[in-house]
> 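Shown below is the structure under consideration.
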Amino acid sequence: MNMGLRRGLRSAWGQVRCTNSVRFDLIILILACALSFGLRCYYVFEYVDVDGVFQQISGDPEDYLRIAYTLAQTEYFAEPTRLNVKESLLRHQHPPLTAPDDFRQTAWRPPLWPLMLAGMMKLTNYDLSRMLYLRFAVDLLTLVLFYLLLRRLDLHPFSRAAGLLLFAIHPAWLIYSGTFFSEPLTLLIHVALALSMLALVRDRRSLFRAGVVGVLAGLTVLEHPFYLLFPLLLTGLLYAARLIEIRRALLLLTIMGVVVSPWLLRNMRLYHTAKPILTTSAGINLAKGWNAAFLDLYRDTTADVVLSERVIGAEDIKESNSSEEEKSEAYARRAASFAETNWRLIPAIVTRKVVGALNPFPETPRAGLLETGRATCQLVSFLPLLFVLATRRVGRLRLLAAALVGAYLLMSVLTMGTIRYRFPLIWVELLSVVWVCDWWGRRALTGAYGAASNLHARAERCDRGHEDSAAVAPVAPAQLQFGLHVAEQDA
């Protein structure tokens, strides 16, 4: 067979393998989406009492719904002063807010999630159950982006399939299915930001890709202000690794500032201040993390509940007639004053927060199958995540993990650190597990093939009577050396 015909057949076989891989991935993606949507529908509408879940809406989700309702009714980012939004939604009523004193403008919550909820309310005619279906659609979009991220990392098809299916049924993700917490949106934006940043690294001269990264970085801030640290750290690490140029880094940071600026200007005008305000709840979060009761009462699963204004000695601030911005400033001053006068406690508090943030075992175990699954996933992914952070083999995955984990730790040290803050890490934890299993599988298979080949070669030498001849070190065929080589090729 001549060389041209041999090359043609080899090229055709490569195209067939590529086509089969794409078909396999497409089948797995459809299966994962169906599994994700089906599990969420079963869990919310069959396994748990959805009406009971709606009755228990409080705290952050209730705040988001109150602001979203006012947005849908008045187009003002405000909260109602008289109407009980939760009770109205449960009774399938949506009375209008017409008088100026029916609502009060606020910056207590960041704007992105209430804006999405307001859109969902209009699309579903304020029906909470149908709004949950739209929430499930957001999760499906996250799942598709995670699949694209798996492909960027050049994993073996079976590794991609396992990672995608495990992500679809992740217990921590399912827990948020029947709620209106903002964390699933945080997860979506983080995965999209990581994917777009890898795309920018592949084409460093692309202004469009730099713009997309900048927009997503801005949306990260508008969804969860303390996660501002994630795009900043990721940009810094990629620049330090010489994967992006300084001009592209400055461009995407500038675009991030442009995306956030309307919200900042609106708050500065609302509160008549020259200080940039992302959220007026930042002060209380700082105060809950820096007070005399912290070391005795902090638990990673109950900190937000236990460390109330009364316990941390800030009930007087809460009961004052000051504006939101003034209260936030007072909380921040209280936290700074505590740190200044009790500076000897700072190492103990920081250590307590870091240990609580990294601890794979929940300090206050919660009952339920999904809570047990969440704790198990944290435990299983702990060592693989540390391995990814410590090794240079993974290249850009290591930078993604370092940026997100670093942002999470810094946020925990600045505030109080709760189990909700850890939730957006599930995608990088799962990627770490998949990569380690893929890498270990490659080494195990190639090692097993090498050992078998050595035994076979030794047996042949014995048969020929050449026991003392030099050992032959066979090379494993390319088709057995599967895995990812992120450190050697573009992600």
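Heavy atoms only: backbone and side chains are in, while hydrogens, waters and symmetry mates are out.
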> Applying side-chain hydrogen bond (donor to acceptor under 3.5 Å, both in side chains), run through R40 and S36 and close with a yes or a no.
CA-CA 6 Å; R40 280 156 175 74; S36 173; 2.9 Å; yes
> Anything under 30° is parallel, anything over 60° is perpendicular, the rest tilted; go ahead and classify Y47 against Y42.
tilted
> How close do L200 and S206 get, counting heavy atoms only, and between which atoms?
CD1-O, 3.9 Å
> Check for a donor-acceptor pair, side chain of K353 on one end and backbone N or O of L410 on the other, with a separation under 3.5 Å.
no
> Check for a donor-acceptor pair, side chain of N359 on one end and backbone N or O of V355 on the other, with a separation under 3.5 Å.
no
> Taking it one step at a time, do D316 and R334 satisfy salt bridge (Lys or Arg N to Asp or Glu O under 4.0 Å)?
CA-CA 11 Å; D316 58 322; R334 186 72 59 89; 3.3 Å; yes
> Flag the pair Y331 / N285 as yes when at least one side-chain heavy-atom distance between them is below 4.5 Å, and no otherwise.
no
> Name the one of L123, L89, L65 that satisfies side chain to side chain contact (heavy atoms under 4.5 Å, CB included) with M131?
L65
> Between L39 and L35, does the side chain to side chain contact (heavy atoms under 4.5 Å, CB included) criterion hold? Intermediate values first, please.
CA-CA 6 Å; L39 276 177; L35 185 62; 4.1 Å; yes
> Are T186 and E223 close enough that a side-chain donor and a side-chain acceptor fall under 3.5 Å?
yes
> Heavy-atom count around R269 CZ within 6.0 Å, excluding the residue itself: above 12?
no
> Measure from the side-chain N and O atoms of W290 to the backbone N and O of L414, and report whether any donor-acceptor pair falls under 3.5 Å.
yes
> Backbone N or O of L148 within a donor-acceptor pair of the R160 side chain at under 3.5 Å?
no
> Does the side chain of V44 come within less than 4.5 Å of F136's, by heavy atoms?
yes
> Closest heavy-atom contact between S281 and I284?
O-CG2, 3.0 Å
> Walk me through whether W113 and F181 qualify under ring-ring contact (aromatic ring centres under 6.0 Å, His included).
CA-CA 9 Å; W113 183 231; F181 280 103; over 10 Å; no
> Look up atom OG in S196 and atom CG in L145, then write down how far apart they are to the nearest 0.5 Å.
9.5 Å
> Would you say the rings of F167 and F146 are close, in the sense that their centroids are separated by under 6.0 Å?
yes
> Looking at T142 and V138, would you say the former's side chain and the latter's main chain have a donor-acceptor pair under 3.5 Å?
yes
> Got a second to check how far N342's CG is from L295's CG, nearest 0.5 Å?
10.0 Å
> Going by an N to O cut-off under 4.0 Å, is there a salt bridge joining K275 and E329?
yes
> Looking at E324 and R104, is any side-chain nitrogen of the basic one under 4.0 Å from a carboxylate oxygen of the acidic one?
yes
> Would H190 and F230 count as a ring-ring contact (aromatic ring centres under 6.0 Å, His included) here? Give the steps.
CA-CA 9 Å; H190 283 188; F230 177 41; 4.9 Å; yes
> Apply the side-chain hydrogen bond (donor to acceptor under 3.5 Å, both in side chains) test between R109 and each candidate in T279, T280, D60; give the one that qualifies.
D60
> Does a side chain donor of either T70 or R66 reach within less than 3.5 Å of an acceptor in the other side chain?
no
> Is it true that atom CD of E87 has more than 12 heavy atoms of other residues, nucleotides or ligands lying nearer than 6.0 Å?
yes
> Of all heavy-atom pairs between C33 and L140, which one has the smallest distance, and what is that distance?
O-CD2, 3.5 Å
> Main chain of I244, side chain of R204: is a donor-acceptor contact present, judged purely on distance under 3.5 Å?
no
> Do the side chains of S432 and F387 get nearer than 4.5 Å, heavy atoms only?
no
> Nearest 0.5 angstrom please: S328 OG to W108 CH2, how far?
7.5 Å
> Taking N267 for the side chain and I277 for the main chain, is one N or O donor matched with an acceptor at less than 3.5 Å?
yes
> Would you say CZ of R130 has more than 12 non-hydrogen atoms from neighbouring residues, nucleotides or ligands within 6.0 angstrom?
yes
> Hey, are the side chains of M197 and L399 touching, using non-hydrogen atoms and a 4.5 Å cut-off?
no
> So does E340 pair up with R333, basic N to acidic O under 4.0 Å?
no
> Provide the closest heavy-atom pair for L237 versus A403 in the form atom of the first, atom of the second, distance.
CD1-N, 3.8 Å
> Under 6.0 Å between ring centres: does that hold for F226 and Y408?
no
> Within this structure, what is the CG-CE distance for the pair L71 and M116, rounded to the nearest 0.5 Å?
13.0 Å
> Check whether any side-chain heavy atom of E62 lies under 4.5 Å from a side-chain heavy atom of F180, and answer yes or no.
no
> Cation-pi check, R374 to W173: give yes when NZ or CZ is under 6.0 Å from the six-membered ring centre and within 45° of the ring axis, no otherwise.
no
> Of the non-hydrogen atoms in L29 and L164, which two are nearest, and what is the gap between them?
CA-CD2, 3.7 Å
> Take L97 and Y69 through the side chain to side chain contact (heavy atoms under 4.5 Å, CB included) test and state the conclusion after the steps.
CA-CA 9 Å; L97 303 174; Y69 184 88; 4.2 Å; yes
> Examine distances only and state if a side-chain atom of Q378 and a backbone atom of A375 form a donor-acceptor pair shorter than 3.5 Å.
no
> Hey, what do you get for CE (M256) to CG (L219), rounding to the nearest 0.5 Å?
11.5 Å
> Do Q73 and Y126 have side-chain atoms, one donor and one acceptor, less than 3.5 Å apart?
yes
> Do the numbers put K288 on top of the ring of Y298, so that NZ or CZ is under 6.0 Å from the six-membered ring centre and no more than 45° off the axis?
no
> State whether the side chain of K86 and the backbone N or O of Q55 hold a donor-acceptor pair below 3.5 Å, judged by distance alone.
yes
> Taking everything shown except Y239 itself, do over 12 heavy atoms lie less than 6.0 Å from its OH?
no
> Any donor and acceptor pair, going by atom type alone, linking the side chain of W263 with main-chain N or O of L222 inside 3.5 Å?
no
> I'd like to check L358 versus L409 (side-chain heavy atoms, cut-off strictly below 4.5 Å). Are they in contact?
yes
> How long is the gap from CG on L425 to CG on L431, to the nearest 0.5 Å?
11.5 Å
> Scan side-chain atoms only and decide if Q105 and Y76 contain a donor-acceptor pair under the 3.5 Å cut-off.
no
> Contact between R352 and F294 at the side-chain level, heavy atoms closer than 4.5 Å - yes or no?
yes
> With a cut-off of 6.0 Å (strictly less than), are more than 12 heavy atoms of other residues, nucleotides or ligands near CD of E75?
no
> Between L400 and L198, is there a side-chain heavy-atom distance shorter than 4.5 Å?
yes
> Please find the pair of heavy atoms, one from A210 and one from L251, that lie closest to each other, and give the distance.
CB-CD2, 3.9 Å
> Might you work through the side chain to side chain contact (heavy atoms under 4.5 Å, CB included) test for H170 and C377, ending with a clear yes or no?
CA-CA 8 Å; H170 200 292; C377 289; 3.9 Å; yes
